[in-house]
Structure formats: structure tokens, C-alpha cells
Amino acid sequence: MKFRHLVFLGPPASGKGTQGRRLAKENHLAYLSTGALLRSALRDDTPLGQKARSFLDRGEYVPDEIMIPMVLEWVGKQGDGWLLDGFPRTVPQVEALDSLLEVKPLAIILHVSNDELRRRVACRLECVECHRVAREGEGELCPECQGKLEPREDDAAENFGNRLDEYRRLVIPAVTYYCDQQRARIVNGMGSPDEVYARVRG
Ligand code: AMP
């Protein structure tokens, strides 16, 4: 992978976390999942968690005024390469990130059918400690850090519908922006994690 600045976009449960983590690890890129960061903040009841809670509880996106400075600060502290999972999610987020960088990021967009997203979300678990994604039936503890595996609260069926709506309303214009600038790679996200990873790696 010749790119050192990568952003992963895709609807909820499209595999951003699974694929992004693996690609970051194999290429020695710093990795940030904004969703995982927010869930940790909620769990620890930090000031960020208190600001974000009502949005996550409703399946809505956290406002740009909160997200943009937080992620730009993180990016500013990174050295050689990084991968963002779940940021940017709006056109102002794309523009803010671009304005910070001389070498613009490549966007990897995971495409998965709605039926498959619903199937995945119904049996998805996440480690409460390291946020690794798992599936029901894989046991109760994270194979990597032994943290507890639990369903995500925002994966509840009603909430999930809102998150899909938010994706269409806000992220699709961001995807279009990257496509127009020829900085997007749309990847078929259907199939096993290994099959998808082979396509992601290219
Ligand atoms: P994810 O783990 O990527 O599915 O994100 C979970 C939730 O965190 C989303 O549904 C949003 O409420 C919030 N979130 C994560 N990243 C962003 C972002 N870049 N902009 C706004 N909200 C975000």
C-alpha cells in the first residue's frame, strides 16, 4: 500500500473497523476509530462523552464543531502515516481534513447491501476495552485483550435505521466529493473478512 494517509468510509457494519485495523497494522499506520473513541468517552463519562451521548443514543452523528477539532488535533500529532476509520463523515469534515494536509488522503469506501448490513449488525459484538469487532458465538472474551465482548447499544434495530439514514444524508455527499476528485476506491465489502481484505489491499 503506497498511500500513507487513508480514510475509511462506509455504512454501519460495512467492515470499516475490521478492515481498517488490519490494514493499519500491516502497514504500520497509526489508527483512529472515531466511533470507538466516542464510545470510550461515553463509558468513562468524560466531558466529550457527556456532549456526545444524546447524539449516539439517537443514532445521529455528532456535530462537526465537536468532531473536526478533535480529529485534526489527533492527525496533527501523528508522524509518518495514519488511517482514520469513520472520519470524515460529512463534506465539512472532508474539507477540514484536506486543508490540513499537503498530501491528500485516499478514501476507501466499503460497499455492502442493506440486507447484509442488517444481518451483520444483528450478531455483532465489540470488545469494551480495545473495540475489536467480533460475532456472536465467538465466546465472551476478546481473543486479543481478554476484554468483555458486548453488543453495541447503538446497534439496536431502530437506532440502526437512523444511522443508515444519516449515512445517506451526510456521508454519500462526502463519497461523491472524493469520487469527483478521483481520490476514492470503492471496494466490494461483501464476503468473508479475508475476501474483503484481499480487495482492500488491492
Ligand atoms: P462507528 O463506530 O464508526 O459506527 O460510529 C458510531 C457513532 O459515532 C456514529 O453513529 C456517530 O454517532 C458517531 N461518529 C463517529 N464518527 C463520527 C464522525 N466523523 N462524525 C460524526 N459522528 C461520528
Side-chain angles (χ1 to χ4, degrees), residues 5-24 31-44 46 48-75 82-100 105 107-112 114 116-118 120-135 147 149-175 177-178 189:
H5 297 158
L6 293 162
V7 299
F8 265 64
L9 285 76
S14 57
K16 298 188 296 294
T18 304
Q19 301 298 332
R21 268 172 181 256
R22 186 165 169 188
L23 193 65
Y31 169 81
L32 177 70
S33 157
T34 46
L37 182 85
L38 291 167
R39 284 190 290 287
S40 289
L42 249 67
R43 192 167 167 239
D44 299 341
T46 65
L48 170 66
Q50 288 162 11
K51 278 191 241 167
R53 184 177 301 280
S54 63
F55 299 101
L56 268 86
D57 282 351
R58 292 195 298 260
E60 290 172 11
Y61 285 178
V62 176
D64 287 341
E65 304 79 72
I66 298 177
M67 296 306 298
I68 290 175
M70 188 175 88
V71 176
L72 295 199
E73 190 192 336
W74 182 88
V75 167
W82 45 256
L83 186 155
L84 290 171
D85 156 8
F87 186 99
R89 264 178 152 109
T90 65
V91 171
Q93 291 181 13
V94 176
E95 291 172 339
L97 185 61
D98 276 357
S99 71
L100 193 73
I108 296 189
I109 324 277
L110 292 174
H111 183 74
V112 173
N114 283 353
E116 175 65 10
L117 295 175
R118 287 186 193 284
R120 287 184 189 178
V121 90
C123 64
R124 167 159 83 165
L125 302 174
E126 187 181 82
C127 173
V128 297
E129 302 296 339
C130 76
H131 300 283
R132 181 185 181 278
V133 179
R135 298 239 160 144
L149 297 175
E150 286 184 354
R152 274 172 50 172
E153 277 179 28
D154 61 349
D155 277 349
E158 176 200 307
N159 206 320
F160 183 71
N162 289 345
R163 285 160 63 210
L164 266 187
D165 289 346
E166 290 283 78
Y167 181 78
R168 290 193 197 101
R169 186 170 72 85
L170 294 166
V171 186
I172 294 294
V175 170
Y177 183 108
Y178 280 122

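Just follow the structure's listing: the first ligand is 1, and inside any ligand the first atom is 1. The structure presented is a predicted model; accordingly, all values stated were derived computationally and were not measured.
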Point to revise | Any residue meeting salt bridge (charged side-chain N to carboxylate O under 4.0 Å, His left out) with Arg118, in chain and number order, not counting sequence neighbours | key: none
Exercise for review: Decide whether a cation-pi geometry holds between Arg169 and Tyr167; the criteria are a distance under 6.0 Å from NZ or CZ to the six-membered ring centre and an angle within 45° of the ring axis.
Suggested key: no
Review point. Can you check whether Ala13's main-chain N or O pairs, donor with acceptor, with Arg120's side chain at less than 3.5 Å?
Key: yes
Point to revise | Under the side-chain contact (heavy atoms from CB on, under 4.5 Å) test, residues paired with Ile66 that sit two or more places apart | key: Leu48, Lys51, Val62, Pro63
Review point. Quick one: do the Asn162 and Glu60 side chains pair a donor with an acceptor below 3.5 Å?
Key: no
**Study point:** Amino acids contacting ligand 1, non-hydrogen cut-off under 4.0 Å
**Key:** Thr34, Gly35, Leu38, Arg39, Leu56, Glu60, Tyr61, Val62, Met67, Gly86, Phe87, Arg89, Gln93, Arg152, Asp154, Arg163
May I have the list of side-chain donor-acceptor pairs in residues 128-135 shorter than 3.5 Å, sequence neighbours left out?
unit_1: His131; atom_1: ND1; unit_2: Glu126; atom_2: OE1; d: 3.0
unit_1: His131; atom_1: NE2; unit_2: Ser40; atom_2: OG; d: 2.8
unit_1: Arg132; atom_1: NE; unit_2: Glu144; atom_2: OE2; d: 3.3

